[in-house]
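In what follows, a structure is listed as structure tokens, so that the remarks can point back to it.
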Amino acid sequence: MTDFAMTVGGAAVPGAGTFDVVDPATGEVFARAPDCGADRLDQAMAAARAAFPAWRRDERHRRDLLNEAARALEAAAGRLAPILTAEQGKPLKDARREIATAVTWLRYYAGLDVPREVSPDGSAEVIRRPLGVVAAITPWNFPIALAMWKIAPALRAGNTMVLKPSPYTPLTTLAMGEMLAPILPPGVLNVISGRDPLGALMTAHPAPRKISFTGSTATGKRVAAAAAEDLKRVTLELGGNDPAIILDDANPGQIADSLFWSAFANNGQICLAVKRVYAPERLYDDLVEALAVRARSVRVDAGTADGAQLGPINNRPQYERVAGLVGDALRHGAVAAAGGRPIDRPGYFYQPTVLSGATDGTRIVDEEQFGPALPVIAYRDLDQAVERANGTDYGLTASVWSPDLDRAARVAAELDCGQVSINAHGRGVRPDLPFGGHKRSGLGVENGLWGLYGHTDLQVLVGSQS
Ligand code: NAD
């Protein structure tokens, strides 16, 4: 695969050079992506700026084109999914599901009615004005879905965009940009690719009025600092260390499936995946075993293989990080109830790993592992478990598991994060609900009306008789 182009001003354009893209199922380079130089970035920003005045004027047109984009993306899923699997590693059926998610988001924002806001006495209207050019930067775990969390609300609100995917997964986003080029007016959606420094060039560029960023907390801080220079608006969707708290009346056998997949879906490479489980001592052994049974039975294989449930970890640094965190936990007294090792084959395959005997203070409990390894931590006192769950700089999502919904809700109310699910995890990830992190998990929210408002500034229009 070598024929991927960037989309700038509606045209397919090359970069100043190319960079390699690795298939994580083999560890081999399988494609090259355009490496956008500074001049081309200027062109993309200029194209987005030029497209803005006309694009922001006609809301009906924007809604129609988002619907058309949804139809085109849906029709292209069969072509795009194998590219996504090749660069990201996820099983083909998950790649198709991710593209279907993006279609859902486009349709949601095309159909969303934005209420008119008028002061109670009718004398003033509060108008949500689009900002102008939005620079969007995405990570490698869900390149298409997370790009669409930005594209759909930003464009619907009347902004134009320059979008940069992760250098690990640039291809599907580039292909989507080319596919949407005949539908959207030139310059409305520009897709460029390059290595990490291109992201820094985007955040420092004078054209964007907003940076919409999804990625790690470390990079998010750099983005915020760069944006502060000229007061660009920012939305930051960052990392998490999401706890699941199991109450002592839960049934391990009943919750194990849902809990397992809440941690291991997409190979644990989900910002809101369950990253640590707090289990009461009474249920501890049964829960660890129920999770371990599932971990041992999962089919890990190349995303293209029939029946693969999990693919490889996306990239070598992440693979080494997961291996390092598991190794560290094992050296500090944790036991691998399942997994605990890389899988002996080319590519970045790692055994789904359930760790018992892990404690707070171990790196895999305290840090975001973002991979297929889950520590289960025993607790005696529920208040302490809640305190430990909150005892992190992250605050993305959490879950509480118990048949007693009132009791679970009381525990949920104590958790400092952007979303808490009961007897599930991440159930509130929907186009119509706000998604965002507390503390160092982010700033602002995406999705719903709130996500659209995040791409606007307020303007008060006050009328009076002359
Ligand atoms: P990352 O921060 O390394 O990279 C994210 C993006 O930022 C990439 O496109 C990268 O090229 C770009 N980038 C790198 N340096 C930059 C800079 N100085 N300025 C601007 N852009 C720069 O993150 P990653 O490893 O790709 O993704 C994994 C992380 O993303 C995890 O921490 C995960 O929790 C987080 N994440 C969060 C959410 C959420 O919604 N909260 C969703 C998915 C992933």
Side-chain angles (χ1 to χ4, degrees), residues 239-264 268 270-295 325 329 332-335 337-338 353-369 373-429 437-441:
N241 192 5
D242 305 32
I245 303 181
I246 316 303
L247 303 194
D248 56 10
D249 51 3
N251 179 329
Q254 270 172 18
I255 66 172
D257 261 333
S258 176
L259 184 60
F260 177 82
W261 286 108
S262 300
F264 286 88
I270 307 186
C271 55
L272 65 135
V274 170
K275 306 221 175 65
R276 28 184 192 138
V277 174
Y278 288 96
E281 283 179 350
R282 195 172 76 76
L283 304 180
Y284 187 80
D285 290 344
D286 287 350
L287 186 70
V288 166
E289 185 49 24
L291 291 170
V293 164
R294 281 151 184 88
L325 289 174
H332 287 87
V335 173
T353 295
V354 175
L355 294 171
S356 67
T359 54
D360 294 74
T362 314
R363 285 184 62 207
I364 199 161
V365 178
D366 293 356
E367 299 178 20
E368 182 189 41
Q369 66 272 45
L374 179 67
V376 187
I377 305 131
Y379 75 83
R380 187 168 293 169
D381 176 79
L382 180 57
D383 288 341
Q384 267 177 22
V386 169
E387 198 178 304
R388 286 148 77 182
N390 281 333
T392 163
D393 288 332
Y394 292 115
L396 196 55
T397 73
S399 53
V400 184
W401 303 69
S402 165
D404 182 340
L405 299 186
D406 290 338
R407 190 170 167 233
R410 283 196 298 277
V411 175
E414 299 302 315
L415 295 169
D416 186 3
C417 59
Q419 182 183 127
V420 190
S421 305
I422 293 175
N423 293 323
H425 195 96
R427 188 163 281 171
V429 177
H438 294 187
K439 298 189 274 183
R440 293 186 200 167
S441 284

Exercise for review: Measure across A290 and A256 and return the closest heavy-atom pair with its distance rounded to 0.1 Å.
Suggested key: CB-CB, 3.6 Å
Review point. Knowing that exactly one of D257, V354, D286 qualifies, which makes a side-chain contact (heavy atoms from CB on, under 4.5 Å) with L291?
Key: V354
Review point. Less than 4.5 Å apart, any side-chain heavy atom of D249 and any of R407?
Key: yes
Review point. Can you tell me how far CZ of R363 sits from CG of L325, rounded to the nearest 0.5 angstrom?
Key: 5.0 Å
Practice item. Without swapping roles, check the side chain of S258 against the backbone of I255 for a donor-acceptor pair under 3.5 Å. Key: no
Check your understanding: Where do A378 and E281 come nearest, in terms of heavy atoms and distance?
Key -> CB-CG, 4.3 Å
Exercise for review: Using modelled atom types only, decide if a donor and an acceptor are shared between the side chain of T392 and the backbone of Y394 within a distance under 3.5 Å.
Suggested key: yes
Point to revise | Minimal non-hydrogen separation, V420 against A412, with atom names | key: CG1-CB, 3.6 Å
Exercise for review: List the steps, then state whether side chain to side chain contact (heavy atoms under 4.5 Å, CB included) holds for F260 with V277.
Suggested key: CA-CA 10 Å; F260 177 82; V277 174; over 6 Å; no
Point to revise | Over 12 non-hydrogen atoms of neighbours within 6.0 angstrom of CZ in R294 | key: yes
Exercise for review: Without swapping roles, check the side chain of D242 against the backbone of R276 for a donor-acceptor pair under 3.5 Å.
Suggested key: no
Exercise for review: Find out whether L287 and L259 are in side-chain contact, i.e. whether some heavy atom of one side chain is under 4.5 Å from a heavy atom of the other.
Suggested key: yes
Review point. Are T362 and P375 side-chain neighbours, meaning at least one heavy-atom pair lies under 4.5 Å?
Key: no
Check your understanding: Is R410 salt-bridged to D404, cutoff N-O under 4.0 Å?
Key -> no
Exercise for review: Would you mind telling me which of D416, T397, D393 makes a side chain to side chain donor-acceptor pair (under 3.5 Å) with H438?
Suggested key: D416
Review point. How far does CD1 of I246 sit from CG of N251, to the nearest 0.5 angstrom?
Key: 11.5 Å
**Study point:** Any L405 side-chain heavy atom under 4.5 Å of N423 side chain
**Key:** yes
Practice item. Go through N241 and Q369 one step at a time and tell me if the side chain to side chain contact (heavy atoms under 4.5 Å, CB included) criterion holds. Key: CA-CA 8 Å; N241 192 5; Q369 66 272 45; 4.3 Å; yes
**Study point:** Side chains of Y379 and D360, donor plus acceptor under 3.5 Å
**Key:** no
Study note, to complete from the structure: Interatomic distance, CH2@W401 vs NE2@H425, rounded to 0.5 Å, equals 8.0 Å
**Study point:** Contact check, side chains of L247 and P280, non-hydrogen atoms, under 4.5 Å
**Key:** no
Exercise for review: Output yes when a side-chain donor or acceptor of E368 lies under 3.5 Å from a complementary backbone atom of G239, and no otherwise.
Suggested key: no
Review point. If you look at every heavy atom in A263 and V274, which pair is closest and at what distance?
Key: CB-O, 3.4 Å
Point to revise | Beyond-backbone contact of L382 with I245, side-chain heavy atoms, under 4.5 angstrom | key: yes
Study note, to complete from the structure: Tightest non-hydrogen contact, residues V365 and A358, listed as CG2-CB, 3.9 Å
Review point. For the side chain of S441 and the backbone of G395, is there at least one donor-acceptor N/O pair under 3.5 Å apart?
Key: yes
Study note, to complete from the structure: Closest non-hydrogen atoms of G268 and A273, given as atom of the first, atom of the second and distance, are O-CB, 4.0 Å
Exercise for review: Would you give the length of the straight line joining atom OG1 of T353 to atom CG of L374, rounded to the nearest 0.5 angstrom?
Suggested key: 9.5 Å
**Study point:** Polar side-chain atom of D366 near backbone of G361 as donor-acceptor pair, under 3.5 Å
**Key:** yes
Review point. What's the spacing between I270 CD1 and F264 CZ if we round to 0.5 Å?
Key: 11.5 Å
Practice item. Taking S421 for its side chain and R427 for its backbone only, find out whether a donor-acceptor pair lies under 3.5 Å. Key: yes
Practice item. Enter the distance from R380:CZ to Y284:OH here, rounded to the nearest 0.5 Å. Key: 13.5 Å
